[in-house]
Number of protein chains: 2
Amino acid sequence: MPLLIPKDKMKKADKVPIDQSTEEKIKRAAEKVFLEKGYSASRTKDIAEEAGINLALLNYYFRSKENLYIIIMMEKLEVFFDVIIKTLTDNTIPFEQKLTVLVNKYTDLLIHEPNLPLFLLSETHKNPDFFASKLNIKARLREAINIQPFLDGKNQEEGLQLLLSFLGLTLFPFIVRQGFSGLFDLSEEQFERIIEKRREFVPKLMVELFDKMQK
Amino acid sequence: MPLLIPKDKMKKADKVPIDQSTEEKIKRAAEKVFLEKGYSASRTKDIAEEAGINLALLNYYFRSKENLYIIIMMEKLEVFFDVIIKTLTDNTIPFEQKLTVLVNKYTDLLIHEPNLPLFLLSETHKNPDFFASKLNIKARLREAINIQPFLDGKNQEEGLQLLLSFLGLTLFPFIVRQGFSGLFDLSEEQFERIIEKRREFVPKLMVELFDKMQK
DNA sequence: GTCTATAGCGAGATAGAC
DNA sequence: GTCTATCTCGCTATAGAC
C-alpha cells in the first residue's frame, strides 16, 4: 500500500503530518506559545492544551519548562542564523547577488514565521548568554562575514555599518509588523504588498550606500 | 540659604534629586526593572528593592503590579512617539531638515534609554490594545504624517515604505544593540562610534531613496 | 506512555501594628 | 506613610494508578 504513494506526496505528508510523535507535538506547541508570549508569560498548561496532551506528559518528555524552552530557542537561533551564514558562505552565488538572495530568503522565512525576530531579540536580551551556549553561531557568522570580498579595503567598522543598515532595511518591517499595521490600519494584504516591493529596492539601495562608502 | 544656589544648579538638582517622593522613587525603579525584563519576568519585590522601600508600600501607592506597569508603559509610549510627532508637526523646521533632526533626536534619546524600543515592541506585541487605550497617539501620529509635503503626489503605500526604511535605518541598531555587540565583541565605545556616523549618512541615504521613488 | 490528583513553592496582595 | 507578618492563588513539577 505505501508503495503506491508517489514520493513527492510522501514528502508533503512529512511536512504536515497527520500523526506526529507526541514529543514533536509538544515541541511545535511550545514553539507557538513561546514565540507569541516569551518564556515568562508562557504557561506550560497552555502548551499542553495546544498540543492536545496532558500537562504531566510535558514533564515526562522534557523534564521542565526551562528545558523545553532552551530546546526551542536553540532551534530558532539555528533557523534564523542559518539563512545568513549559509548564503554568505555559498560559493555558487555570485557576490553581487547575495544581498538579493538574503532579502528574499528572510522575507520568505518571516512571512511564515512573523514572530521569529522579535522573539529572538527580546528573549536573548533577557538572557544574553544564550549566544554563549550557541558558540558555534558566533564563530560561524563571523567567519562567513570575514570571507566576503566587499570587506577588502574596509575596516571592520564599515563592514558592520553596512550589515546594520542591510539588516535594518530587511528585518525591521517584520519586527514592527504588528504595531505598524495597527497604527495605520493595514490589512495583511497591504502589509505584504509593501514587503514584496522591498525585495527589489533594498538591494538597490544598499548598492548606493556601498558606493558612497567607497569614497 | 536656598537663595544662594544659582538657578542652573537648582535645575540640575531637579533632574537628579537627592530626595524624590516615594511615589516617584517607585516609578523610576519600576521603569528600570520593567524595561529590562518586561512585565511577566519582573518581580514587584525587585522593584521595591530597587526603590529602597518595602514591598507593601508599592501596593499602597499603586494598588497592583499591573496598574504600576500601565502607568510606566503610557509614559514610555508618550516619550517615544512625542519625538516623531513633535518633529513632524514643528513648522519652524524646514522640511528638508526633518530627517536629520529625527535621526539626531532618536539617537540622543536611545543612547540614554537603550532598552526603550525593544521594550515597547515586545510588550505591545504581547498586549496589542495598549495602542487602543492610547488612541491619541495613533491619531496624532497619522495627522503628523499626513501633513508632510513629501507625501504630495505619493500614495499612502509609498509614504509608509519610506517611513519603514527610515525608522529601520535609525532604530534597528538600537534594537539589536545587545546581541549585535555580543556577536562582534564590540565595546560600548565602538558601538557608539558606529551610531554617531549614522546621524549623517542615514538622512543622505534617505534622499537617494526618495529620489528613486520619484521616478 | 498517558492520565488524575496533589504536593510545593513563589509571587502578588492585604491586615494590622507603629 | 511605612513596616512585618501572613494569606491566597496560580503555576510547575511529581507521585502513582492504569
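Keep in mind that what you see is a predicted model, and the values were worked out from it rather than measured. Convention: sequence-line order gives letters A, B, ...; per-chain numbering from 1.
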Using only side-chain N and O atoms of T44(A), determine if any of them is under 4.0 Å from OP1 or OP2 of dC11(D).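 For dC11(D), OP1/OP2 do not have a side-chain N/O of T44(A) under 4.0 Å.
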I'd like to know if the side chain of Q178(A) reaches the main chain of P128(B), judged simply by a donor and an acceptor atom lying under 3.5 Å from each other, with no hydrogens or angles considered.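 Not confirmed, Q178(A) side chain does not pair with P128(B) backbone.
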Just by distance, do the side chain of R140(B) and the backbone of I85(B) share a donor-acceptor pair under 3.5 Å?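 Pair absent, no side-chain N/O of R140(B) close to backbone of I85(B).
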Not counting sequence neighbours, which residues clear side chain to side chain donor-acceptor pair (under 3.5 Å) with [X]? List them please.
| X | result |
| --- | --- |
| E24(A) | R28(A) |
| N146(A) | none |
| K126(B) | none |
| K32(A) | E50(A) |

Any residue of residues 60-74 of chain A with a heavy atom less than 4.0 Å from an atom of DNA chain C: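 DNA chain C contact set from residues 60-74 of chain A: Y60(A), Y61(A).
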Below 4.0 angstrom, which residues in residues 22-32 of chain A have at least one non-hydrogen atom near DNA chain C?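 Within residues 22-32 of chain A, the residues near DNA chain C are T22(A).
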Restricting to pairs with a member in residues 28-48 of chain B, which pass ring-ring contact (aromatic ring centres under 6.0 Å, His included), not counting sequence neighbours?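 For residues 28-48 of chain B, and leaving out neighbouring residues, the ring-ring contact (aromatic ring centres under 6.0 Å, His included) pairs sorted by first residue read F34(B)-Y69(B), Y39(B)-Y69(B).
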Considering only residues two or more places apart or on different chains, which pairs with a residue in residues 98-121 of chain B satisfy ring-ring contact (aromatic ring centres under 6.0 Å, His included)?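 Output for this query lists F80(B)-Y106(B).
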Which residues within residues 33-41 of chain A lie with some heavy atom under 4.0 Å of an atom in DNA chain D?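 Correct list: empty, so none.
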Taking only residues two or more places apart in sequence, or in another chain, which ones meet E196(A) in a salt bridge (charged side-chain N to carboxylate O under 4.0 Å, His left out)?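 With sequence neighbours excluded, E196(A) shows a salt bridge (charged side-chain N to carboxylate O under 4.0 Å, His left out) to R199(A), given in chain and number order.
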Measure from [atom1] on [X] to [atom2] on [N] and round the result to the nearest Å.
| X | N | atom1 | atom2 | answer |
| --- | --- | --- | --- | --- |
| K45(A) | dC9(D) | NZ | C1' | 13 Å |
| R43(A) | dG10(D) | CZ | C1' | 8 Å |
| L55(A) | dA15(D) | CG | P | 15 Å |

Would you say [atom1] of [X] has more than 12 non-hydrogen atoms from neighbouring residues, nucleotides or ligands within 6.0 angstrom?
| X | atom1 | answer |
| --- | --- | --- |
| K37(A) | NZ | no |
| E192(A) | CD | yes |
| E188(A) | CD | no |
| N155(B) | CG | yes |
| D129(A) | CG | yes |

Is there a side-chain contact between Q148(B) and L88(B) (heavy atoms, below 4.5 Å)?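 Touching, per the 4.5 Å side-chain cut-off.
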Distance under 4.0 Å to a non-hydrogen atom of chain A counts as contact; along DNA chain C, which nucleotides mark the start and end?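 For DNA chain C, the relevant span reads dG1(C) to dT4(C).
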Check every strand shown and say whether S21(B) touches a base, only sugar-phosphate, or nothing at a heavy-atom separation below 4.0 Å.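 If one applies the 4.0 Å heavy-atom cut-off, S21(B) turns out to touch nothing in the nucleic acid.
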Please give the angle, rounded to 10 degrees, between the axes at the start and the end of the helix from dG1(C)-dC18(D) to dC18(C)-dG1(D), where five pairs define each axis.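 Rounded value for the end-axis angle: 10°.
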